[in-house]
Participant: 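Dumping the structure here so I can ask a few things about it.
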Amino acid sequence: MLRHETKEITDLVLKAAKKARKETDSEPEPELTKPIKWPVKCTVGPGLEGAIACETKIGYVNGSKGWLVYRGYDIFDLCAYSTFEEVSYLLLKGHLPTVTQLGNFKKKLIQYRHMPNTQRLLMSFPIEDMNAMAALRLGTNLMRHEFTYDDTDDWRPDLKSVIGADEDSIPMETVPRGEKRAIYEFGSKERGKKFESDSLGLQPASGLDSCYHLIAGVASIAAAVARIRAGHLPLEPDPELSHAANFIYMMTGRRPAPLEERVMDIALILHADHGINASTFASMVVASTLSDFYFSVGAGIAALNGPLHGGANEQVLRVLNEIATVDNVKPWLEKIRKQKGKIMGFGHRVYKAYDPRARVLGPLAEYLAKNSESGLKLLHIAQALEREVASSFGTEKKIFPNVDFYSGIVYSCMGISPELFTPIFAVSRVAGWTARVLEYLENNRIFRPRAMYIGEFEKKYKPIQKRT
Ligand code: SDX
């Protein structure tokens, strides 16, 4: 249904795919990848550039061909024919779901999107004054609490066992012993249900269900953060809506038109996974210590926040507004180049070709900007900047737009404010984070790289009195 009503979006994606394949056809075909025989030889640069951390079947990025593949499926095909729910299932399970499997998966997502207690806990914090990603990370901690200790009805603590706020109101289940100070004792020692561990032998906060909970719940938390920052109460999810549509609904209070739903769905598909990028690596490092998935996703959110990573999409909009006119693009770029600054939304550690995600997001921005005066202004500045960067850096530096360059214009045209751009990235990437963590834990080894010590040796200790 969604695809039928938005055929022009499907055609836009397929046109981008055709252009991509034509432009990169001359690049050498990549050698097929093969299983690793450890220890493996690889040339490692600063920032672990080129280091091979593990094997994976989840996703493949080819920098020279500009390919992005999820479990063998080309990203353009997934954008044209799939949905974020299907792609999340694919990343987690390794195959596209059957009708029944997708139905059951959607039921899980609908169940886990509903989190009134977590929303209530979230509202007890100054969300409107917090960085949106900090609020999102806080929300995942509250989700952990809800899921692992208190959210299962049969384990909700009976209130009388909880100590009152101050010493005078201590319930009399502990007979006063005339102590000089209150002795706080919680009635129920046993916190949280002892869940049976799942197939990987993992504890409740790390099993497949916590992946479903996180994929469903991070969207609800991000939407709740958006609502609270806009001065509204969070909304209950609408079980009739798709993941993308429900996310827009919970964020804005209005059920989106098919076109808006489809654009959000494609944006979520595009951002879902991308090799061992900084935030995925951060979540894997935390999981490799056998900490749990909520902490892993929290680490992923923290890393994604940085302007060199997921935070770039918000910075791009700041830059486009700072440039303000097409005529100012050239002088602005010359200034930045003189300062040896980084242009937000450009460049990539892996892509030395046009980021396939930008190949879809650029035309989507163009499509949406037709109906938005402010969006059209931003688009024209962005397109002028892209032309200037290409001519200024030339082809040798291979600096192309990346996923963050046009995504902000797409979201702006949808009426979404810039501080929510990176949370939206996290709403999608939580599928990749949880899938990669689940896969890595099948052959877990704690991450522990080395640092080359270049300091001094044999220093003699001097008491402080003798130090000048
Ligand atoms: C994401 O890893 C992933 O897959 C990430 C991501 C994902 O889906 O998870 O794709 C999402 O994070 C996209 C990137 C968003 N970040 C930005 O747009 C910020 C601006 N980009 C740059 O900071 C940079 O390109 C990085 C951080 C993305 C990549 O950095 P690298 O690989 O460390 O590259 P580098 O900084 O070593 O640059 C190599 C050269 C340098 O010139 P020299 O010192 O060799 O002369 O290219 C230049 C850089 O100065 N360069 C840039 C540039 N990017 C690279 N110069 C100006 N502007 C830029 N954006």
Side-chain angles (χ1 to χ4, degrees), residues 44-51 53 56 58-64 66-70 75 87 91 133 267-284 297 299-320 323 329 332-362 382 385-386 388-409 421-433 435-436:
V44 182
L48 291 181
E49 180 165 16
T56 182
I58 292 179
Y60 172 71
V61 180
N62 184 295
S64 53
W67 288 352
L68 174 54
V69 172
Y70 292 170
I75 193 67
V87 165
L91 291 170
M133 289 292 271
L268 294 178
I269 291 172
L270 286 170
H271 288 82
D273 183 66
H274 207 255
I276 314 292
N277 57 81
S279 56
T280 298
F281 186 53
S283 57
M284 289 167 70
V297 164
I301 291 171
L304 189 70
N305 179 60
L308 289 188
H309 190 14
N313 54 18
E314 184 180 347
Q315 297 304 318
V316 167
L317 218 78
R318 182 185 54 73
V319 161
L320 295 178
I323 294 172
V329 165
W332 180 87
L333 184 59
E334 281 160 2
K335 183 187 72 175
I336 288 291
R337 292 220 63 184
K338 271 203 195 82
Q339 296 162 350
K340 290 209 170 302
K342 290 283 194 318
I343 303 128
M344 292 292 123
F346 282 88
H348 199 276
R349 175 64 58 84
V350 180
Y351 286 126
K352 303 311 170 194
Y354 212 102
D355 188 327
R357 301 167 297 179
R359 287 187 183 277
V360 175
L361 289 163
L385 182 56
E386 181 179 344
E388 281 305 323
V389 168
S391 63
S392 158
F393 280 92
T395 50
E396 77 286 348
K397 274 256 178 183
K398 298 189 184 297
I399 307 276
F400 293 94
N402 59 49
V403 66
D404 290 307
F405 188 57
Y406 286 107
S407 56
I409 299 175
F421 293 176
T422 311
I424 293 174
F425 199 144
V427 166
S428 166
R429 189 52 59 87
V430 62
W433 291 332
R436 295 262 176 183

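Counting starts at 1 for both ligands and their atoms, following the listed order.
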Participant: I'd like to know if the side chain of Tyr70 reaches the main chain of Leu91, judged simply by a donor and an acceptor atom lying under 3.5 Å from each other, with no hydrogens or angles considered.
Facilitator: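 A pair under 3.5 Å: no.
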Participant: Would you confirm whether Lys352, through its side chain, and His348, through its main-chain N or O, come within 3.5 Å as a donor-acceptor pair?
Facilitator: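 Yes, the answer is positive, given that a donor and an acceptor are paired below the 3.5 Å cut-off.
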Participant: Any idea which protein heavy atom is nearest atom 33 (O) of ligand 1, and the distance to it?
Facilitator: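 The protein heavy atom lying closest is Arg349 NH2, 3.0 Å.
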Participant: Judging by distance only, is a nitrogen or oxygen of Phe346 under 3.5 angstrom from one on ligand 1?
Facilitator: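 Yes; at least one N/O pair falls below 3.5 Å.
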Participant: On the six-membered ring of Phe393, is Arg337 placed so that its NZ or CZ lies under 6.0 angstrom from the centre and within 45° of the ring axis?
Facilitator: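 Judged by the rule, Arg337 and Phe393 form a cation-pi pair.
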Participant: Determine, counting only non-hydrogen atoms of the protein, whether one lies under 4.0 angstrom from atom 39 (C) of ligand 1.
Facilitator: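 No, because not a single protein heavy atom sits under 4.0 Å from atom 39 (C) of ligand 1.
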Participant: Regarding ligand 1, does Asp355 bring an N or O atom to under 3.5 Å of one of the ligand's N or O atoms?
Facilitator: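 By distance alone, the answer is no.
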Participant: Strictly less than 4.0 Å: does any protein heavy-atom distance to atom 12 (O) of ligand 1 fall in that range?
Facilitator: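 Yes; the ligand atom in question has protein heavy-atom contact below 4.0 Å.
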Participant: Please say whether Phe425 places an N or O atom under 3.5 Å from an N or O atom belonging to ligand 1.
Facilitator: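 Checking ligand 1 against Phe425, no N or O pair falls under 3.5 Å apart.
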Participant: So, Asp404 side chain and Asn402 main chain: donor-acceptor pair closer than 3.5 Å or not?
Facilitator: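 No, Asp404 side chain to Asn402 backbone: no donor-acceptor pair under 3.5 Å.
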Participant: Protein heavy-atom contact under 4.0 Å for atom 30 (O) of ligand 1?
Facilitator: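 So atom 30 (O) of ligand 1 lacks protein heavy-atom neighbours under 4.0 Å.
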Participant: Check each of Met344, Glu49, Lys342 against atom 36 (O) of ligand 1 and report the one with the nearest heavy atom.
Facilitator: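 Checking each option, the heavy atom nearest atom 36 (O) of ligand 1 is found in Lys342.
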Participant: Does the protein come close to atom 26 (C) of ligand 1 - that is, does one of its heavy atoms sit below 4.0 Å from that atom?
Facilitator: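 So atom 26 (C) of ligand 1 lacks protein heavy-atom neighbours under 4.0 Å.
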Participant: Indicate yes or no: does an N/O atom of Ile343 lie under 3.5 Å from an N/O atom of ligand 1?
Facilitator: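 It does: an N or O of Ile343 is found under 3.5 Å from an N or O of ligand 1.
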Participant: Look only at the side chain of Ser283 and the backbone of Ser279, and say whether a donor-acceptor pair between them is shorter than 3.5 Å.
Facilitator: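 Yes, Ser283 side chain to Ser279 backbone: donor-acceptor pair under 3.5 Å.
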